[in-house]
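All figures in this text were calculated on a predicted structure; none of them were measured in a lab. The sequence lines fix the lettering, A, B, ..., with proteins before strands; numbering per chain opens at 1.
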Amino acid sequence: MGFFDDKQEWLAEVFAQYPADRRRSALMPLLRRVQQDEGYVDFERMKEIAELVGTTATEVAGVMSFYSYYQGLPTGKYHIQVCRTLSCKLAGSDELWHTLTERLGILPGEVTEDGRFSLQAVECLGSCHTGPVIQINDEPYVERVTKARLEALLEGLEQDKPLEEVRRTLPDEEKMGKATIELEGEGGAS
Amino acid sequence: MSEGPITSGHDPRFSPTLYAHVGKPNSWTLDYYLSHGGYETARAVLTGKQPEEVVEEVKKSGLRGRGGAGFPTGVKWSFMPNDGQQHYLICNADESEPASFKDRYLMEDDPHQLIEGMIIGGFAIRATKGYIYIRGEYRKAYDRLVGAIGEAYERGYLGKNLFGSGFDFDLYVHRGAGAYICGEETALMNSLEGLRANPRMKPPFPAQSGLYGKPTTINNVESLASVVHIVQRGADWFAQMGTERSKGMKLFQVSGPAKRPGVYELPMGTTFRELIYDWAGGPTEPIKAFIPGGSSTPMLPFTDEYLDLPMDYESLVAAKSALGTGGVVLIPESVCIVDSVWNLIRFYGHESCGKCTPCREGVSGWLPQLFEKFERGQATHEDLKTMEDLLDQIEGRSFCPLADAAVWPIRGALRHFRDEFLHHIEHGTCAVKSGPRWR
Ligand SMILES: Cc1cc2nc3c(=O)[nH]c(=O)nc-3n(C[C@H](O)[C@H](O)[C@H](O)COP(=O)(O)O)c2cc1C
Ligand code: SF4
Ligand code: FES
């Protein structure tokens, strides 16, 4: 069975966003759906998408490789994307990255043995005031990932608690997700 | 302070409008928006004005595009033909220039303001269809937008015959997937069409042939949100804020080690000092440089001379930098400038779309290789010269402004912090010793 066979209603909604003779515009939303549900997009899926939007699998692969979100290889249940751009770097994203690679024992492209985690370094996520920032799968960001918040996050995910539940237990979480942030007692990086 | 133009957030005549509702409970819902006068401006426009009148008002206000380039919005709108074809209005919500995060909260916390701006903009340029191209990672903003659009359709603020005016407007959201170049307007259109996001040749300009070959206008989120207030309160209200050629209020952002980093809405012409000290609470450690307007804008020394610059387009150009997106980054004393710029060059190198040679070979090839030599302590004076020659060969000779955006941060660093590059050459290490930064 094809991936989209049982998603006809959803497909119709997506195609309705674009002019009837411009089915190719649906290419990105279709790729995203596969990525979300399966954790990566394999060649069979590319062929299926190509047929749906009226192009070739090679063309789909060409578009896919243009973007950092779509993965050609399987990812973990929690695909952790770590921002490495300047403002996050100033907030310690290099050290955060090293800690993650060591703690999880994986590099980009690999998945932990239990299938839980994979890692990717990404560019500025548009949350520079709350760095270092990570994004897990397609979920809202985890901001200001301090040592304490990372520890609590990984512990929660290792117990397979839903991300939203884990998020609520992170220290200082009530201060996140806002246009400005102030954390008590934060001095310089001394 | 109560006469003359408003150029400070402390001026009693100033209060935030774009961000007036950001951070308020339920600010993203239609009920909240309606209880604060929401959609009344769109109603007044659609039932009482001609498209040309709206364009004139926006022109008169002096609003310049908030996506970075600063092109006058009303003038851009006036390029649209009156030809009876399908027109499109695209909102550029790709927000991927490092240090920029202002559009995000406009969408997360006040999505109806953006929708109202798009209805008014669509009416002005005779577009009955709009797309919001939002960067793929903005999940919360996407959810809020989709929710708001759904509510607006349900209650007749989107769709057919709005306010009984006979004007139809449909609005869709298209998600990106992690590619900075999609913020460039013609690359964005290719991305929306399901093609690889390489920029297109101009001319034809989008107003002649844009999305799907139809006349198209593309505006930044903040630009479109500003339109609501300009039309509601009048061009003169907007133009009393700011400086000679930079009018209105603007969203500025502060990141790096500040006490209260974040987004601040202030009149154009406010000084960096006021933004950084009065609003963002000042630095939490000694600072030596700041990036004034997003990662592509050349950095400036953190000295009185530059801190007292007014944040407007002209003052920044005079200081050999740019206002860009208004994203300020504080760079600490203890962090190496070469390292910091290398981080940005790596970014631009990674994001080059590969379409044209100077950028593909220069920005994603040569420049990173040269920086790696600096990092490894193997760079020579000859390498520095090669780098500067390369900058001349890339700047202004590439297909789109991404390549220039990679050149400028290096120019700024070499102009003001050349000694740190020389230190790398002569000693093989950074001029400063940087400790751990993660807490
Ligand atoms: C590489 C590149 C990236 C850009 N990224 C964005 C962006 O993320 N958001 C944006 O509004 N404009 C971006 N722009 C500017 C757009 O091309 C365009 O000028 C802008 O969306 C027009 O809207 P405005 O006139 O309201 O500013 C980018 C330009 C370039 C060259
Ligand atoms: S300058 Fe860079 S990003 Fe722009 S078209 Fe050329 S290769 Fe692509
Ligand atoms: S630099 Fe990490 S979110 Fe902007």
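- Of the listed residues (B:Gly23, B:Gly136, B:Ser96), the one with the most heavy-atom contacts under 4.5 Å to chain A is B:Gly136.
- Using a 4.5 Å cut-off between heavy atoms, A:Thr99 contacts chain B through its side chain alone, with no backbone atom that close.
- Using a 4.5 Å cut-off between heavy atoms, B:Leu192 touches chain A through backbone and side chain atoms alike.
- Side chains of A:Glu123 and B:Tyr180 form no contact here, defined as non-hydrogen atoms less than 4.5 Å apart.
- By number of non-hydrogen pairs under 4.5 angstrom with chain B, the leading residue of A:Pro132, A:Ala148, A:Gly177 is A:Gly177.
- Contact tally against chain A (heavy-atom pairs below 4.5 Å) for B:Val22, B:Val335, B:Val263: the top residue is B:Val263.
- When heavy atoms are compared at a cutoff of 4.5 Å, B:Tyr105 approaches chain A solely by way of its side chain, counted from C-beta outward.
- Note that CZ of B:Arg135 is 6.0 Å distant from SG of A:Cys124, once rounded to the nearest 0.5 Å.
- In this structure, no portion of B:Val341 lies under 4.5 Å from any heavy atom of chain A.
- Atom SG of A:Cys88 sits about 9.5 Å away from atom CG of B:Asn343, to the nearest 0.5 Å.
- Here B:Glu351 contributes atom CD and A:Thr85 contributes atom OG1; the two are 8.0 Å apart, rounded to the nearest 0.5 Å.
- For the set B:Pro332, B:Ala197, B:Gly435, the count of heavy-atom pairs under 4.5 angstrom toward chain A peaks at B:Ala197.
- Put simply, the residue from B:Ser340, B:Ser255, B:Pro409, B:Pro98 that forms a side chain to side chain contact (heavy atoms under 4.5 Å, CB included) with A:Leu86 is B:Ser340.
- Contact record, B:His174 with A:Ser25: CE1-O, 3.5 Å, taken as the closest heavy-atom pair.
- Ranked by heavy-atom pairs shorter than 4.5 Å toward chain B, the options A:Val63, A:Leu27, A:Val145 are led by A:Val63.
- Only the backbone of B:Val254 comes within less than 4.5 Å of a heavy atom of chain A; no side-chain atom from C-beta onward does.
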For this session: Carefully, step by step, assess A:Arg24 and B:Glu193 under the rule salt bridge (Lys or Arg N to Asp or Glu O under 4.0 Å).
Result: CA-CA 6 Å; A:Arg24 178 140 183 187; B:Glu193 292 186 16; over 6 Å; no

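- Note that the OG1 atom of A:Thr146 and the CH2 atom of B:Trp438 stand 7.5 Å from one another [nearest 0.5 Å].
- At least one side-chain heavy atom of B:Ile181 sits under 4.5 Å from a side-chain heavy atom of A:Phe66.
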Exercise. Where do A:Tyr18 and B:Tyr131 land on the side chain to side chain contact (heavy atoms under 4.5 Å, CB included) test, with the steps shown first?
Worked result: CA-CA 10 Å; A:Tyr18 310 99; B:Tyr131 286 96; 3.8 Å; yes

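- Heavy-atom distances place the backbone of A:Ala16, and not its side chain, under 4.5 Å from chain B.
- Heavy-atom distances place both the backbone and the side chain of A:Arg84 under 4.5 Å from chain B.
- When heavy atoms are compared at a cutoff of 4.5 Å, A:Gln135 approaches chain B solely by way of its side chain, counted from C-beta outward.
- Of the two parts of B:Tyr142, neither the backbone nor the side chain holds a non-hydrogen atom closer than 4.5 Å to a non-hydrogen atom of chain A.
- At a threshold of 4.5 Å between non-hydrogen side-chain atoms, the residues B:Glu137 and A:Gln81 do not count as touching.
- Between chain A and the residues B:Glu95, B:Arg260, B:Arg175, the most heavy-atom pairs under 4.5 angstrom are made by B:Arg175.
- Among the candidates B:Tyr19, B:Tyr264, B:Tyr212, the residue making the largest number of heavy-atom pairs closer than 4.5 Å to chain A is B:Tyr212.
- Here the CG atom belonging to B:Leu195 is positioned 7.5 Å from the CD atom belonging to A:Glu59, to the nearest 0.5 angstrom.
- Highest contact tally toward chain B, considering only A:Cys128, A:Ser93, A:Pro29, is held by A:Cys128 [criterion: heavy-atom pairs under 4.5 Å].
- Neither the backbone nor the side chain of A:Leu31 comes within less than 4.5 Å of any heavy atom of chain B.
- B:Ser434 does not touch chain A: none of its heavy atoms, backbone or side chain, sits under 4.5 Å away.
- With contacts defined as side-chain heavy-atom distances shorter than 4.5 Å, the pair B:Asp339/A:Lys89 qualifies.
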Exercise. Should B:Phe101 and A:Leu125 be marked as a side chain to side chain contact (heavy atoms under 4.5 Å, CB included) after you check the CA-CA gap, both sets of side-chain angles, and the distance that decides it?
Worked result: CA-CA 8 Å; B:Phe101 44 94; A:Leu125 291 169; over 6 Å; no

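- Of the charged side-chain nitrogens involved, at least one lies within less than 4.0 Å of a carboxylate oxygen, so that A:Glu143 and B:Arg104 count as a salt-bridged pair.
- In terms of heavy-atom pairs under 4.5 angstrom with chain B, the leader among A:Tyr69, A:Tyr67, A:Tyr70 is A:Tyr67.
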Exercise. Does the side chain to side chain contact (heavy atoms under 4.5 Å, CB included) test come out yes or no for B:Gln253 and A:His129, once each step is laid out?
Worked result: CA-CA 8 Å; B:Gln253 303 118 105; A:His129 59 316; over 6 Å; no

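- Contact between B:Ala177 and A:Met28 at its shortest, heavy atoms only, is N-CE, 3.7 Å.
- Heavy atoms of A:Lys178 lying under 4.5 Å from chain B belong exclusively to its backbone.
- Contact tally against chain B (heavy-atom pairs below 4.5 Å) for A:Met64, A:Lys147, A:Gln35, A:Arg23: the top residue is A:Lys147.
- In this structure, chain A has no heavy atom under 4.5 Å from any part of B:Asp109.
- Of the two parts of A:Ala179, the backbone and the side chain both hold a non-hydrogen atom closer than 4.5 Å to a non-hydrogen atom of chain B.
- Taking a cutoff of 4.0 Å between a charged side-chain nitrogen and a carboxylate oxygen, B:Arg139 and A:Glu139 qualify as a salt bridge.
- The part of B:Glu108 that comes within reach of chain A is its side chain, from C-beta onward, which places non-hydrogen atoms under 4.5 angstrom from that chain.
- With respect to chain A, the highest number of heavy-atom pairs below 4.5 Å among B:Cys182, B:Ser191, B:Ala141 belongs to B:Ser191.
- Residue A:Glu174 qualifies as enclosed at atom CD: its count of foreign heavy atoms under 6.0 Å is above 12.
- Proximity to chain A is absent for every atom of B:Pro286, based on heavy atoms less than 4.5 angstrom apart.
- Other residues, nucleotides and ligands contribute more than 12 heavy atoms inside 6.0 Å of the CD atom of A:Gln8.
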